[in-house]
**Q** 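Have a look at this one before I ask anything.
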Amino acid sequence: MADRVRRKIRVLFAASEAVPFIKTGGLGDVIGSLPREIKQAGAKVAVILPKYSCIPESYQKDMEHIAEFYVPLAWRNVYCGIERLTFDGVDFYFVDNEDYFKRDGSIYGYFDDGERFAFFSKAVCEAMSRVPELNCDVVHCNDWQTALVPVFLREFYRDIDTCADVKVIFTVHNVKFQGQYPDTMLSNVLGLSDIPAAVDQLYSSSETINYMKGALCYSDIIATVSPTYASELQMPFFGEGMDPIFRRRADALVGILNGIDTVAWDPSTDPYIPCNFDAKNPDAKAECKRLLQEELGLAQDPERPLVVMVGRLTNQKGLGLVRYSMSRLMSRGVQIAILGTGDGDQEEAFSYFDSVYGDKMAARITFDNELAHRMYAAGDILLMPSEFEPCGLAQLIAMRYGALPVVRQTGGLKDSVTPYNKFTGEGTGFGFINMNADEMADCLLDACEVFWTEKDKWNQLRWQAMTADFSWKRAADDYLDVYHRLHPEIIRFTKRRD
């Protein structure tokens, strides 16, 4: 082992999105928050992203052009500019190429996504070798859009001094999205067709390559966003064809539960809710509930439990269970409010329920961040019966706002929600196990019974949920431990001050 040194470990995050620059899902929230917390925990941190044309002009005008070079991509060399912007104390670097990233509309879903993100991954490696500010000890890659970084790094850059000792951690945020493309990409874009090891580790089936498979094979550490999801990925049902690799690399697999931005999601200061409150003074939550009931056309009755659902309307979220149980729940006097967009059949079904059940049910088929805040603040219960859930953010936010989660015990839902124990009083929510509509409805109605008949126990559960720690500080310390495990020669620079 090299002589031990005491300095800040250098970490470069590579990702396809980050708040506040661009966001399509939970990955953007993670990359917008986690690097800042890891820096505060004692690392030197930078983030590298594509420079999309849809990044707000207010940020683009402040970017500083610091480097430009050509990236070798199979048989051609492609222009790459590097621009820098410091935001919230973290240095963000942007890979500039208008052919790939100046697109109208979404940042994903184009015919050449495989080439676009192969270029981005190769540009990250090239920048690490050329731009001194991007020298690092660990490159932390996220999801399939950066999955080729470890492949390129090992096959093309291992003899370059600034890259030779770089370790790679690859985080799987959702294994369903893997980046699968025709094997002609190996020669036409990736330039890997003459490297047998790379070909073998990228092939997923006849005539198809899989970017994520490459990352799972080439990375030093594989991470995912909750401990239970790390275990589930080793099972065929959850592993989406990658479970043999997760089992083979189990010793390199870690699960670290995500956190939430506790400044943006704070009921005591939230500017989007009508009345602020906190765990010590929760009384104003009742007025938030009344006002939301009024806003959504629901009966203004404090004794009706208000069940909220906020998020994508897709099959993964267990909405089939809710649809099957709707008549039973409505007959028991439960109110349900749903906010989100997604699959057409789900949107149509819940719009129908809205029209049928009057002041018992409201569906808002839209994306509305401010309404989401009001729904968390007003809800008594959050319903989240997901088929699978790598981590989930809604349940973490709901607990902070005193809306007790009713969840299926899978993935991050199992790791973050402690089911109510009526004998000890422990718990931060309610849980059921099987993908069964009657079991879900039983669990939800059990929660409602506590709400109706045992107010002291309900208030204690709400206190326990609101005071649980789901900040990014815990996750940041866990990731820093992993980074130092990869580089034991670097002595931990500092411990976080309490």
Side-chain angles (χ1 to χ4, degrees), residues 14-17 24-25 27 50 71-76 78 99-101 103 106-125 141-156 168 170-220 222-224 229-230 232-250 252-253 314-316 343 387-388 390:
S16 58
E17 56 185 86
T24 67
L27 173 63
V71 174
L73 210 60
W75 48 267
R76 59 204 178 280
V78 183
D99 286 343
Y100 290 130
F101 302 127
R103 305 285 174 96
S106 174
I107 62 175
Y108 309 128
Y110 299 97
F111 75 97
D112 60 345
D113 275 1
E115 182 174 336
R116 296 170 68 222
F117 291 104
F119 164 76
F120 176 60
S121 293
K122 195 72 174 289
V124 170
C125 296
C141 303
N142 296 269
D143 270 351
W144 74 265
Q145 295 90 347
T146 60
L148 291 177
V149 170
V151 182
F152 289 143
L153 192 64
R154 301 305 183 220
E155 297 297 351
F156 295 131
V168 181
F170 177 75
T171 294
V172 178
H173 295 265
N174 191 336
V175 77
K176 285 186 73 70
F177 306 102
Q178 299 177 2
Q180 299 187 59
Y181 296 99
D183 62 359
T184 53
M185 295 281 288
L186 285 167
S187 56
N188 293 344
V189 175
L190 309 187
L192 291 167
S193 58
D194 294 329
I195 303 176
V199 173
D200 179 62
Q201 294 179 90
L202 283 166
Y203 256 101
S204 63
S205 62
S206 176
E207 300 182 351
T208 304
I209 62 170
N210 185 312
Y211 288 10
M212 182 177 285
K213 181 183 176 187
L216 299 182
C217 293
Y218 274 84
S219 298
D220 298 288
I222 302 165
T224 192
Y229 193 54
E232 291 174 341
L233 287 173
Q234 300 174 57
M235 306 174 189
F237 180 80
F238 295 97
E240 297 290 335
M242 295 293 103
D243 54 286
I245 301 177
F246 287 115
R247 289 194 297 272
R248 174 169 60 84
R249 301 215 60 204
L253 178 62
T314 63
N315 291 334
Q316 177 213 328
D343 299 339
E387 180 178 352
F388 69 93

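Quantities reported herein were computed from a predicted structural model and do not represent experimental measurements.
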**Q** For the pair F152 and F156, name the ring-plane relationship: parallel under 30°, tilted 30 to 60°, perpendicular over 60°.
**A** parallel
**Q** Using a 3.5 Å distance criterion without hydrogens, assess whether the side chain of T224 forms a donor-acceptor pair with backbone atoms of V172.
**A** yes
**Q** Name all residues meeting the salt bridge (Lys or Arg N to Asp or Glu O under 4.0 Å) criterion together with R76; count only those two or more places apart in sequence or in a different chain, and write none if there are none.
**A** E115
**Q** Say you draw a straight line from CG of N174 to CD of Q316; how long is it, rounded to the nearest 0.5 Å?
**A** 6.0 Å
**Q** For F177 and W144, which heavy atoms make the closest approach, and how far apart are they?
**A** O-CD1, 3.5 Å
**Q** Is it the case that the side chain of R154 and the backbone of A198 share a donor-acceptor pair, with hydrogens and angles ignored and the cut-off at 3.5 Å?
**A** no
**Q** Using 0.5 Å steps for rounding, measure from the CG atom of D243 to the CZ atom of R248.
**A** 12.0 Å
**Q** Any chance you could measure Y110, atom OH, to F101, atom CZ, to the nearest 0.5 Å?
**A** 11.5 Å
**Q** For the pair K213 (side chain) and M242 (backbone), establish whether a donor and an acceptor sit closer than 3.5 Å, ignoring hydrogens and angles.
**A** no
**Q** Show your working on side chain to side chain contact (heavy atoms under 4.5 Å, CB included) between F120 and V71 and close with a plain yes or no.
**A** CA-CA 9 Å; F120 176 60; V71 174; over 6 Å; no
**Q** Side chain to side chain contact (heavy atoms under 4.5 Å, CB included) for Y203 and L186? Distances and angles first, verdict last.
**A** CA-CA 10 Å; Y203 256 101; L186 285 167; 3.9 Å; yes
**Q** Which residue pairs satisfy the salt bridge (charged side-chain N to carboxylate O under 4.0 Å, His left out) criterion with at least one member in residues 170-190, sequence neighbours excluded?
**A** K176-E240
**Q** Using only atom types and a distance under 3.5 Å, with no angle test, would you say the side chain of Y211 pairs donor to acceptor with the backbone of G114?
**A** yes
**Q** In Å and rounded to the nearest 0.5 Å, what is the CG to CD1 distance from L190 to I209?
**A** 5.0 Å
**Q** Any chance you could measure L216, atom CG, to L253, atom CG, to the nearest 0.5 Å?
**A** 9.0 Å
**Q** Between Y218 and F170, does a side chain to side chain contact (heavy atoms under 4.5 Å, CB included) hold up when you go through it step by step?
**A** CA-CA 9 Å; Y218 274 84; F170 177 75; over 6 Å; no
**Q** For A250, is there any backbone N or O sitting under 3.5 Å from a side-chain donor or acceptor partner on Q234?
**A** no
**Q** Shortest non-hydrogen contact from M212 to N210?
**A** N-OD1, 3.0 Å
**Q** Closest approach of S219 and R249, non-hydrogen atoms and distance?
**A** O-NH1, 2.6 Å
**Q** Answer yes or no: is there a donor N or O on one side and an acceptor on the other, between the side chain of S106 and the main chain of Y108, under 3.5 Å?
**A** yes
**Q** Write down the atom of T146, the atom of C141, and the distance for their closest heavy-atom approach.
**A** OG1-CB, 3.3 Å
**Q** Just so I know, are the side chains of P72 and K122 near enough to count as touching, which here means a heavy-atom distance under 4.5 Å?
**A** yes
**Q** For the pair D343 (side chain) and T314 (backbone), establish whether a donor and an acceptor sit closer than 3.5 Å, ignoring hydrogens and angles.
**A** no
**Q** Sub-3.5 Å donor-acceptor pair from the side chain of Q201 to the main-chain atoms of A197, do we have one?
**A** yes
**Q** How close do A215 and P150 get, heavy atom to heavy atom, and via which atoms?
**A** CA-CG, 3.9 Å
**Q** Can you tell me how far the CG atom of L192 sits from the CD atom of E155, to the nearest 0.5 Å?
**A** 6.5 Å
**Q** F388 and F238: aromatic ring centres closer than 6.0 Å?
**A** no
**Q** Using side chain to side chain contact (heavy atoms under 4.5 Å, CB included), reason through R116 and F119 one step at a time and then give a plain yes or no.
**A** CA-CA 5 Å; R116 296 170 68 222; F119 164 76; 6.0 Å; no
**Q** If every non-hydrogen atom of N142 is compared with every non-hydrogen atom of L27, which pair is closest and at what distance?
**A** CB-CD1, 3.8 Å
